[in-house]
Protein chains: 2
Amino acid sequence: MATSTVENYLKATLLHEQECDGIVPMGALVEALGVVPGTVTTMVKAMATQGLLEHESRQGVRLTPIGRALALGVLRKHRLVETFLVQTLKMDWSEVHEEAEALEHAVSNRVLERIDEFLGRPTADPHGDPIPDATGTIADTAAQVTLQGSAINKALRVTRILDQTPDFLAYVQETGLKPGAWVKVVRRDETSGVVHCEMKTGQKITLGLPVAAKIVVGALV
Amino acid sequence: MATSTVENYLKATLLHEQECDGIVPMGALVEALGVVPGTVTTMVKAMATQGLLEHESRQGVRLTPIGRALALGVLRKHRLVETFLVQTLKMDWSEVHEEAEALEHAVSNRVLERIDEFLGRPTADPHGDPIPDATGTIADTAAQVTLQGSAINKALRVTRILDQTPDFLAYVQETGLKPGAWVKVVRRDETSGVVHCEMKTGQKITLGLPVAAKIVVGALV
DNA sequence: AAATGTATTTTGATTAGTCAAAATGCAAGT
DNA sequence: ACTTGCATTTTGACTAATCAAAATACATTT
Ligand SMILES: [Mn+2]
Ligand SMILES: [Mn+2]
Ligand SMILES: [Mn+2]
Ligand SMILES: [Mn+2]
């Protein structure tokens, strides 16, 4: 059985393979896991001999099919637990990530199945991140539209927050731009680099373009 | 912060201090934790220098106030989690102990408080074991009556199962002698060593005296 | 082509927890 | 008092995960 350290390395690798097209640099793992570079090298080599990932020296790592399956399982636990903590136990969505970081290693598949059923098989967590199903299939989110590139004057719904730092989550909470919220882009000005939005309440919000790119939106259900 | 290994040692010590009047022999910990004797000696010495317990050489260990407070916290987590798994997630009461054994180390006090509130501050877990409150106070259960010594022909309620081995829990499940069940002792025969009981359904059950001593009963609410 | 800077790897050490097997202490039984 | 038996401790070794600091490789700049 994989230790929780190994599970953390696998999940971190999975979460970075998109933006690094396949091969995740060691530095990304150093950053994600909060350890020194030498530690990552050592761990990665051990995990490579276990068949969980491939290590290209001086390049980075790639998940093997076995490693990816395990990583998806951990991610599923993480996101289902987050959903459960928010929906059932009414915890603040800004504090659940930290809790899930520990619980993802302690929840068995038996318990997970009960949670999944209890929640009605949700497909996204409180931040709008897709939840892999029990077979490890995860919705493709490559083509998602953000407030940076969405249609103008059309009713939209916030579906996902891409920046999950505590500060940004607090800002989203404050403005009400949370997943599920109704929003409309009134005007987008590339020159000044801002996006003017309006909420259901009539409240107006102005965002810089890079910030707008962190709010994923979709059709109104 | 105490590691989960340390938490397990503390909880095991707490669970044995009654029956060993204070000083818990090393062998009890060997048994409870499934490690070799030398390992217990090493761990216990380390924990003693940390002020979590006192080690009387060749005698055993005693919890310090700090150690007891931590142990009660772990026990509280264990029992609240068990209760939650049974009541909310509808898991089988015979499988929750194992799950709680892992979750007790991963659930934070923040999450625990939510679970406690969600469940309505229960005072006993699915096996009838008392749940310590948030201050570490636990109900005294020294004077509990079992089917071995209870009144005859009086309506009683099962309140606790003292033997929690999988086999015995399965037996209890099968006969319906679970906590909450209505039961009456029809006849107790010390000579033949058996107790004749009757359930609400009219079903009759005969138990040996040592087995009857494992079923705690109380007044009908 | 040489120099620089940064990412990565190597080396040596540390901590927590564990086992195997030998040594030791102690309570009982003879 | 001597022996036996068992619980406990000691000793030496091992694994997983980590850090500090030195060494190395490689891409970029000069
Ligand atoms: Mn984690
Ligand atoms: Mn999330
Ligand atoms: Mn445990
Ligand atoms: Mn219990």
Side-chain angles (χ1 to χ4, degrees), chain A residues 1-13 16-17 19-63 66-67 70-71 74 101-102 104-106, chain B residues 1-13 16-17 19-63 66-67 70-71 74 101-102 104-106:
Chain A
M1 190 77 81
T3 63
S4 56
T5 300
V6 166
E7 290 187 338
N8 282 334
Y9 275 74
L10 290 172
K11 194 186 63 170
T13 306
H16 283 86
E17 64 178 7
E19 76 204 61
C20 310
D21 50 73
I23 189 142
V24 178
M26 308 300 272
L29 298 181
V30 168
E31 163 83 28
L33 295 158
V35 292
V36 302
T39 301
V40 170
T41 302
T42 308
M43 274 300 296
V44 151
K45 281 184 167 180
M47 290 169 69
T49 68
Q50 289 191 257
L52 301 177
L53 34 79
E54 283 165 31
H55 179 210
E56 306 280 339
S57 194
R58 304 260 164 196
Q59 299 273 291
V61 292
R62 216 187 305 271
L63 287 168
I66 294 171
L70 287 175
V74 179
E101 204 54 57
E104 65 191 357
H105 312 293
Chain B
M1 190 79 80
T3 64
S4 56
T5 301
V6 166
E7 290 186 340
N8 283 333
Y9 275 74
L10 289 173
K11 193 185 61 171
T13 307
H16 283 86
E17 63 176 9
E19 75 204 61
C20 309
D21 50 71
I23 191 142
V24 179
M26 307 302 271
L29 298 180
V30 168
E31 164 83 27
L33 296 158
V35 292
V36 300
T39 300
V40 170
T41 302
T42 307
M43 274 301 296
V44 151
K45 281 184 167 179
M47 288 169 68
T49 67
Q50 289 191 257
L52 301 177
L53 34 78
E54 282 165 32
H55 179 212
E56 306 281 338
S57 196
R58 304 263 163 194
Q59 298 276 294
V61 292
R62 214 187 307 271
L63 286 169
I66 294 171
L70 287 175
V74 179
E101 204 52 59
E104 66 191 358
H105 313 293

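Each chain gets a letter, A, B and so on, in the order its sequence line appears, and its residues count up from 1. These numbers were taken from a predicted model, which means no experiment stands behind them.
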Handout entry: Separation of C:dT8 P from A:L33 CG (nearest whole Å)
Key = 14 Å
Can you give each donor-acceptor pair under 3.5 Å made by side-chain atoms of residues 32-44 of chain B, sequence neighbours left out, with the distance rounded to 0.1 Å?
unit_1, atom_1, unit_2, atom_2, d
B:T41, OG1, B:P37, O, 3.4
B:T42, OG1, B:G38, O, 2.9

Handout entry: Those residues that, when tested against A:E7, pass salt bridge (charged side-chain N to carboxylate O under 4.0 Å, His left out) (two or more places apart)
Key = none
Handout entry: Residues forming a side chain to side chain donor-acceptor pair (under 3.5 Å) with B:H16, sequence neighbours excluded
Key = none
Problem - Base-contact (B) and sugar-phosphate-only (S) positions in nucleotides 6-20 of chain D, heavy-atom cut-off under 4.0 Å, - elsewhere - result: -BBBB------SBBS
Problem - Within residues 27-43 of chain B or reaching into it, pairs that qualify as salt bridge (Lys or Arg N to Asp or Glu O under 4.0 Å) - sequence neighbours excluded - result: none
Handout entry: All side chain to side chain contact (heavy atoms under 4.5 Å, CB included) counterparts of A:T3, not counting sequence neighbours
Key = A:T5, A:V6
Handout entry: Bend angle of the helix from C:dA1-D:dT30 to C:dT30-D:dA1, end axes from five pairs each (to 10°)
Key = 10°
Practice task
Nearest 0.5 Å please: distance from the CG atom of B:L10 over to the CG atom of B:L63.
Solution key: 6.5 Å
Completion exercise
Nearest heavy-atom contact between B:H105 and B:S4 is CG-CB, 3.4 Å
What pairs of donor and acceptor atoms, side-chain ones from residues 51-60 of chain B against any protein atom, are under 3.5 angstrom apart with sequence neighbours left out?
none

